[in-house]
Number of protein chains: 2
Amino acid sequence: MGKTTMADVAKKAGVSKSTVSQFLNERYEYMSPDTRIRIEAAIDELNYQPNYLARSLKQKRTSTVGIIVANIMHQFSTEVSRSVEDYFNKHNMHAIVCNADNDPEKEKKYIEMLRAKQVDGLIIFPTAQNADIYKNMIKEEYPVVFMDRKVPDLQAPTVVSQNIEATYSAIQHFIDNGHERIAIATEPLTISPRIERHEGYKKALHANGIKINPEFQISTSIDKIKKELDRLFQLDAPPTAILAGNDIVFIEVLEFAKEKKLEVGESFALVVFDNIPFAHFVHPPVTTIAQSAYMMGEKAADLLLKQINKEQIDRHEVSFPCELIIRDSSKRLKEK
Amino acid sequence: MGKTTMADVAKKAGVSKSTVSQFLNERYEYMSPDTRIRIEAAIDELNYQPNYLARSLKQKRTSTVGIIVANIMHQFSTEVSRSVEDYFNKHNMHAIVCNADNDPEKEKKYIEMLRAKQVDGLIIFPTAQNADIYKNMIKEEYPVVFMDRKVPDLQAPTVVSQNIEATYSAIQHFIDNGHERIAIATEPLTISPRIERHEGYKKALHANGIKINPEFQISTSIDKIKKELDRLFQLDAPPTAILAGNDIVFIEVLEFAKEKKLEVGESFALVVFDNIPFAHFVHPPVTTIAQSAYMMGEKAADLLLKQINKEQIDRHEVSFPCELIIRDSSKRLKEK
DNA sequence: TTGTAAGCGTTATCAT
DNA sequence: ATGATAACGCTTACAA
């Protein structure tokens, strides 16, 4: 029965609850070997399982943290979550993953629920729409780490990718391969990574003396991406290269190409900002900007655990470099 | 502060804790509108957040369930987990996902930890190596549902795919396209789905009067798959078609083909048993046997919730059909 | 309609 | 070395 309690064990072993508790917490320094053995026996005779809930209530620590991802459909989110889980499991803690689905209301609900469950801390991919709640957590010094996205005007531990630099180098790669008409496609510019990717894009073009064509900058919701691409390819001078702003946009680009019978890597060069599991098996193998998902997860977990343990940490952003992995989709532009 | 408690609210509102509790549980039937308002005011003045831990301790219900997947690297596990989470979120419950990593020891540890945390029930992709523990949970009538794999000699609610039938139809598809030398590659035959897939394979060959060549049946650990494939292709009469037993085996097949400069769909036909996210973008688009991951997750969640609510359920397997999605990798065999 | 008090299964403090 | 006893923050009879 799951209902055997510490009191039962105590009775069976002929000792008090406190002694059993001592035993369970491995403080057998001042315990006679005799009682120790009796308790041990009682425990597995009764098949006793301690109730962590009760312990947590008393100790004010659940050994559980929450992860709230903005959109679980991104490979990146999955990899980061996995990494965070691994980290906490190594430290005998649990992680609960929740998917806010890019919905600020859901995000709010999850923050409240997880805190009501007394999780020891939170790692959040913020929708960035709940500024008051974030601020409040920081003010209370509740352990929290933000991931992937910077929240404006908030001084909080945050782990992000070097989006500007990474995008810059991808665009430079296009230019080095002879491209000049380069497009970028992201979801709407509501969060920092997207903004920064556009920024890196413009910076690179500028540095190379290529004038920026606003028509080549797409930033719209997923369901409108294909329409925008279509518009682009109707132009007299369509782009010869495209940077897909994340893995979901990438799917749209692929589908667009398929529908319009365009050949990725032939009709246009392509780089994707994100880790793609089958990148070297898609046709053609696709050039990607890989984020250091695993390391970022570890870093965030580490920052969180330090806060939980009341250790001092830097309340600033820490940013990780990305890696441009060149495959066939972004080969040299064909001479016309 | 997160430390405001019900008592603080009660004091501030000038009522007793019980009344506040009534309020929180929305039992305002017999509550004067006056006190109701005072409590409301006190709550948001103090920014009070209830402590679910304490409540759970009292109610013996945490509104949390655990999911223990055998190997998180499978797309299928991820999809099922997502579906289970969705289901429980709809019911205002949480799900904690743990990865046993195909290790019975880890599985055991997670079962114990989650139960110690008093989760209301468990969905397990069993390693099938902890028979005593499974049996014990069933005996105790602890709510549990097994997923993907049948545990021998255990009468327990279990949600699985129709592996035999699905494999049969894939092999039949090969045969219909003129193949006779058909191989199957799975991980070791330690769990029911793999055994059943081999069974469906043999059944289909048998039904078509093709004699079974044991050399064509690979069942070995991932790191040895490529070696076995190599052996196969050294034969005088190598296979012309391969069924990859899951998504991880599929990767090995792809890498093998790449290394040996074999063309999938040309040098040999290929079907993969599993959902592949980029199936129609790999080259060539690959024929898959898709499992009903989302529905299976829902079903399992439903069976679990019913048990939690002490409703009666069938303690048997429920099996879901798979869908053979034919793409280019398994086209008709080229005439020689 | 609201309050009192016991109890959920632990841990922590202080005696002994 | 071990035991009483009071918390932890909530729910729930039952009383008022």
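In the text below, chain A, chain B and the rest are named by the order of the sequence lines, each starting its count at 1. None of the values given here were measured: they were computed from a predicted structure.
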**Study point:** Upstream residue (5' side of DNA chain C) when B:Met31 and A:Tyr52 are each assigned their closest nucleotide
**Key:** B:Met31
Distance in angstrom units between [X] [atom1] and [N] [atom2], rounded:
| X | N | atom1 | atom2 | value |
| --- | --- | --- | --- | --- |
| A:Asn51 | D:dC8 | CG | C1' | 13 Å |
| A:Lys60 | C:dA12 | NZ | C1' | 13 Å |
| A:Asp8 | C:dC8 | CG | C1' | 13 Å |
| A:Phe23 | D:dA1 | CZ | P | 16 Å |
| A:Leu53 | D:dT11 | CG | P | 13 Å |
| B:Arg55 | C:dT10 | CZ | C1' | 20 Å |
| B:Arg27 | C:dT1 | CZ | P | 13 Å |
| A:Leu57 | D:dC10 | CG | P | 9 Å |

Classify [X] by what it touches in the nucleic acid, base, sugar-phosphate, or nothing, heavy-atom distance under 4.0 Å.
| X | value |
| --- | --- |
| B:Tyr48 | sugar-phosphate |
| A:Met6 | base |
| A:Lys17 | base |

Exercise for review: Ignoring the backbone of A:Lys58, work out which of D:dG3, C:dT2, C:dT11 is nearest its side chain.
Suggested key: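 Within the option list, the nearest is C:dT11.
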Identify whether the distance between the nearest side-chain nitrogen and carboxylate oxygen of [X] and [Y] falls below 4.0 Å.
| X | Y | answer |
| --- | --- | --- |
| A:Glu141 | A:Lys310 | no |
| B:Lys117 | B:Glu112 | no |
| A:Asp86 | A:Arg82 | no |

Check your understanding: Taking atom CD of B:Gln312 as the centre, does the number of heavy atoms from other residues, nucleotides or ligands within less than 6.0 Å exceed 12?
Key -> no
Phosphate OP1/OP2 of [N] contacted by [X] side-chain N/O (<4.0 Å):
| X | N | answer |
| --- | --- | --- |
| B:Ser32 | C:dT1 | no |
| A:Asn25 | C:dT11 | yes |
| B:Ser18 | C:dT2 | no |
| B:Thr5 | D:dC10 | yes |

Check your understanding: Do A:Ser21 and C:dA12 have a side chain to base donor-acceptor pair shorter than 3.5 Å?
Key ->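 Under the 3.5 Å cut-off, the side chain and the base do not form any donor-acceptor pair.
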Check your understanding: Does B:Thr35 make a side-chain donor-acceptor contact with the base of C:dT2, cut-off 3.5 Å?
Key -> no
Practice item. Nearest 0.5 Å please: distance from the OG1 atom of A:Thr4 over to the NZ atom of A:Lys11. Key: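 The OG1 atom of A:Thr4 sits 12.0 Å away from the NZ atom of A:Lys11.
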